[in-house]
Amino acid sequence: MELNWIAIIVAAVSAFVLGGIWYGPLFGKKWMAHVGITEQMIEESKSMMPKVYGLAFVLNLVAVIAFAAFLGNEVDVATGAMYGLVAGLFWVAASFGISYLFEGRPLGLWLINGGYHTLQFAIFGAIIGAFN
């Protein structure tokens, strides 16, 4: 199987675009409240952000590569998005849910993080399908 590296890069970048919106204007303040992060803490950690974003990009690449290999070369946009939705909701978000239950984390945090990864994988699948 051949992987489409352009699709993989585009999909990895899409996670940052989605994350900027999701953890910014959409749910940023609620997410910060759930995890106990303040604006001051963000300001104080700005020097670490290049490392955090760099490693996050590498992890997104790993996730997209594995998902692209899972999907194969015959998937289209709609099927890729549907498979991504299923993977995000029933594999990633459900796994988070199990951990969050045992850790006593709030439902709101699970909805924010699980929702992000569900949409993230749906977008990954759609992009991979669009490039096939």
Side-chain angles (χ1 to χ4, degrees):
M1 169 194 329
E2 289 188 34
L3 296 177
N4 186 320
W5 291 101
I6 294 172
I8 288 168
I9 298 295
V10 169
V13 169
S14 78
F16 277 82
V17 174
L18 175 62
I21 296 167
W22 196 266
Y23 291 102
L26 286 181
F27 303 108
K29 294 206 183 300
K30 287 191 182 287
W31 176 79
M32 288 172 54
H34 283 305
V35 296
I37 293 175
T38 64
E39 294 285 345
Q40 180 181 354
M41 293 167 77
I42 290 173
E43 283 298 317
E44 292 171 357
S45 68
K46 283 204 176 195
S47 66
M48 294 176 34
M49 286 300 117
K51 180 180 178 180
V52 169
Y53 283 113
L55 290 172
F57 186 77
V58 169
L59 292 171
N60 271 313
L61 277 175
V62 169
V64 175
I65 291 166
F67 195 56
F70 175 78
L71 291 178
N73 295 325
E74 302 300 319
V75 68
D76 61 15
V77 174
T79 304
M82 181 191 67
Y83 287 167
L85 185 71
V86 169
L89 184 60
F90 298 110
W91 291 342
V92 180
S95 295
F96 276 176
I98 294 165
S99 296
Y100 284 22
L101 285 170
F102 283 99
E103 294 169 359
R105 293 182 181 221
L107 174 64
L109 182 60
W110 177 76
L111 292 171
I112 292 169
N113 289 336
Y116 166 76
H117 289 291
T118 298
L119 189 53
Q120 173 193 26
F121 271 84
I123 292 170
F124 284 174
I127 291 169
I128 292 164
F131 280 82
N132 279 337

Kindly list each side-chain donor-acceptor pair under 3.5 angstrom involving residues 107-127, sequence neighbours excluded, with atom names and distances?
residue: W110; atom: NE1; partner: A93; partner atom: O; Å: 2.7
residue: N113; atom: OD1; partner: Y23; partner atom: OH; Å: 2.6
residue: N113; atom: ND2; partner: Y100; partner atom: OH; Å: 2.7
residue: Y116; atom: OH; partner: A15; partner atom: O; Å: 2.9
residue: H117; atom: ND1; partner: Q120; partner atom: OE1; Å: 2.6
residue: T118; atom: OG1; partner: G88; partner atom: O; Å: 3.3
residue: T118; atom: OG1; partner: L89; partner atom: N; Å: 3.4
residue: T118; atom: OG1; partner: G114; partner atom: O; Å: 2.7
residue: Q120; atom: NE2; partner: N60; partner atom: OD1; Å: 2.7

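- For L55, the CG atom counts as densely surrounded, since its 6.0 Å shell holds more than 12 non-hydrogen atoms of other residues, nucleotides or ligands.
- Closest approach of A12 to L61, counting heavy atoms only: CB-CD2, 3.8 Å.
- Rounded to the nearest 0.5 angstrom, N4 CG and I128 CD1 are separated by 9.0 Å.
- F90 meets the side-chain contact (heavy atoms from CB on, under 4.5 Å) test with V86; sequence neighbours excluded.
- In this structure M82 satisfies the side-chain contact (heavy atoms from CB on, under 4.5 Å) test with no other residue, sequence neighbours excluded.
- Annotation: side chain of W22 is not in contact with side chain of W31 (no heavy-atom distance under 4.5 Å).
- Using a 4.5 Å cut-off between side-chain heavy atoms of Ile, Leu, Val, Met, Phe, Trp and Tyr, with links allowed through other members, L85 and V77 fall into different hydrophobic clusters.
- No more than 12 heavy atoms of other residues, nucleotides or ligands sit less than 6.0 Å from atom OH of Y83.
- Side-chain heavy atoms closer than 4.5 Å link hydrophobic residues (I, L, V, M, F, W, Y) into clusters, and following such links, possibly through other members, connects M41 to V35.
- Hydrophobic cluster membership differs between W91 and I98, with clusters built from Ile, Leu, Val, Met, Phe, Trp and Tyr side chains linked at under 4.5 angstrom.
- Sequence neighbours left out, the pairs with a member in residues 88-113 that pass salt bridge (charged side-chain N to carboxylate O under 4.0 Å, His left out) are E103-R105.
- For residues 35-44, the side chain to side chain donor-acceptor pair (under 3.5 Å) pairs, not counting sequence neighbours, are Q40-E44, E43-K46.
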Indicate every side-chain donor-acceptor pair of residues 69-76 with a distance under 3.5 Å to a residue at least two apart or in another chain.
residue: D76; atom: OD1; partner: A78; partner atom: N; Å: 3.4
residue: D76; atom: OD1; partner: T79; partner atom: N; Å: 2.7
residue: D76; atom: OD1; partner: T79; partner atom: OG1; Å: 2.8

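- Connection of F102 to F96 is not established within any shared hydrophobic cluster, with ILVMFWY side chains joined at heavy-atom distances below 4.5 Å, either directly or through further cluster members.
- Looking at heavy atoms from C-beta onward, I37 lies in side-chain contact with I42 at the 4.5 angstrom threshold.
- Under a hydrophobic-cluster definition in which Ile, Leu, Val, Met, Phe, Trp and Tyr are linked whenever side-chain heavy atoms come within less than 4.5 Å, directly or via other members, M48 and M32 are assigned to different clusters.
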